[in-house]
Amino acid sequence: MKQVVVHPERCVGCRQCMLACATAHSQSQRLTSAVLETPRPKPRVHVGVGRLEEGFPNRCRHCDPAPCMLACLPGAIYRDTATQTVLIDADRCINCASCAMVCPFGVLRYHADRLAPAGKTVAVKCDNCIARQIQGLVPACVEACRTGALTFETLDQAMKRKTDAVSRSMSTTAVEAEAPAGVSLLHQIKKVQARLRT
Amino acid sequence: MHHVIIGNGIAGVSAAEAIRRIDPHSAITMIGDETEIPYCRPMISMVLEGALGPERLPIRGRDFYASLKISPLLGERVTALDTDARQVTIGEGRTISYDRLLIASGADPRPIKAEGCDLENIFFLRNQAQVRRMQAVLPDAREALVLGGGLVGFKAAYGLLRRGLKVTLVIRSGYPLSMQADETAGAMVLAELCRQGLDVRVGVEAIGFEGGTAVRRAHLSDGTQLACDLVVVGKGVLPAHSFVNRSQITVDLGIVVDAHMRTGAAHVFAAGDVAEAVDLARQTRWVNAIWPEAVAQGRLAGQNMAGRSVAGTGSLGRNVIRIFDLDIMTGGIVSPEQEKGYEILQCHDPRSHTYRKMVFQCDRLVGVVMVNRIEQGGVLLSMIQGRIPVAIDKEKMLSPGFNYAQLLP
């Protein structure tokens, strides 16, 4: 099973994934018309600013067991076993924020949503773009990511790439860095800037 | 193997499910005081409020007992437990033998000491049946009195206010939610309640009620009298363990359990509102009678009863409340005693109605109070639960921009 894998060392904080996510969950599926929709489509992936002002694409990990699922009062949070996706039934959600209280990653947001009853504030988070996956598309955040910080692959595959990268870096002919050269340079500069500020 | 579970609240239900996942064949008997299919207790105030119908309360299907092959004994309370003979007594004397026993009997509302408590229309808000009885008298009720500024009192007052009643909330301490929040957050909540038309009396309690058959008037400790035709008593709960023989099982406020949810007696476990496990923030035994702990403890007890040795890390008191325009999330030690060497950081912005307070003990976060902008609260509470040393500038955790990324190396 393929899933979204996050490679934080590659994130430059461009927030293209957020835009793509909001668009993918809009009525019109187009950025230009999505911004006119009510309720305004909102992202389910959140690029947080780290200590060195580097980006971090924070999205639901679809934990197993999922703390939000266990804490949900009305039993609105469930797991789609085919894609191992933790989903929220907007009809059952009572907007109590019990899920935010137990989420170790802080990925839940509360607002009106196109897929919820009109005017109702509900808990919203990443749904692994199940609707896109059914159409054979990869999740929107992955499609939008320009630096490879978000990939859609099996965990085995991701692990192998990582292992290969480590072994290459150990060899005497090591040339390839873990992150693309530009991204590493950007992070180096941000680190220096942060040190200069303090 | 015969598993007997006392209580069909969420701790008992979670335990039964955990046992079944591991052991499909053993017999399970559940003894429950309430006859409804398992439902969400924290949501009953929403039925009182009229926001939800009672049909929204069940959290499992009608076939819950049948599908898990559980023998239910509903409408029964356990009256005695003999751990030497390994049997429980229900009602007038029927005994049931067990191989593994879970005490998940929950808690009962703390009664009040006041004259005239037996008058009609004085209610507790603890179960569905009580809500039904309150709903029956709502059409004729005009002036409600709610005793207790804790979560239940709060939810009752909110619900009755939304029903259009004139509501007076009487709180013995100086501000509402004194068990969950600190003084600053309490004052913000108080101001919001008053702004919404609630009459709040702090520092007083009800000492007596009068009326013919139903309550008509209440007397408060400061000498004032209040007209009322509906009273809700929300003075907290007490663990329901009157059937436990204290020479066989260690009982403090709750039934003392170890990391495996085992009590002092062989093959007897306890979980949920009746159990007293180690509190992760306080590092001492504590009853944390909250829904997510009942789920976690029930699961843990069930796994251990089914023969899998699983240890928990402890419990953490935490709550989230949305009330009118305020969101409040709290957890751990929120009002520490000054001399104990806690470090407190706080940030209050009255203009944006946000407040954050963090309590540290050396490099560990042990308490959090948040008013509004609560989305990242789970990250902070998880740090308390995991007893994770804080490696970053503590001030940064107060900032509205704090997020998970800042904890990364």
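Chain letters run A, B, ... following the sequence lines, proteins first and then strands; every chain starts at 1.
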Under 4.5 Å from a heavy atom of chain A, the part of [X] involved:
X	result
B:M383	neither
B:I290	neither
B:R60	neither
B:D327	neither
B:V379	both
B:L408	both

- Find the one option among B:Q385, B:Q376, B:E375, B:R322 whose heavy-atom pairs under 4.5 Å with chain A are most numerous.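 That would be B:R322.
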
- Query: What residue in B:M46, B:R41, B:K396 has the most heavy-atom pairs under 4.5 Å with chain A?
  - Reply: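 It is B:M46.
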
Below 3.5 Å, can you tabulate the donor-acceptor pairs from side chains in residues 98-110 of chain A to any protein atom, sequence neighbours excluded?
unit_1, atom_1, unit_2, atom_2, d
A:R109, NH1, A:G106, O, 3.1
A:Y110, OH, A:A100, N, 3.1

- Against chain B, label A:P57 side chain, backbone, both or neither, depending on which of its atoms sit under 4.5 Å from a heavy atom there.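 For A:P57, no heavy atom lies under 4.5 Å from chain B.
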
- If you take all heavy atoms of B:R56 and A:I94, which pair is closest and at what distance?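 Heavy atoms only, the tightest pair is NH2-CG2, 4.3 Å.
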
Using a heavy-atom cutoff of under 4.5 Å, enumerate the residues of [range] that contact chain B, numbered in order, or state 'none'.
range	value
residues 113-147 of chain A	none
residues 18-42 of chain A	none
residues 69-76 of chain A	A:L70, A:A71, A:C72, A:L73, A:P74

Should we say atom [atom1] of [X] is surrounded by more than 12 heavy atoms from elsewhere, each under 6.0 Å from it?
X	atom1	value
B:H353	NE2	no
A:K190	NZ	yes
B:K394	NZ	yes
B:R364	CZ	yes

- For residues A:H46 and B:N403, determine if any side-chain heavy atom of one lies less than 4.5 Å from a side-chain heavy atom of the other.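 Not touching, per the 4.5 Å side-chain cut-off.
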
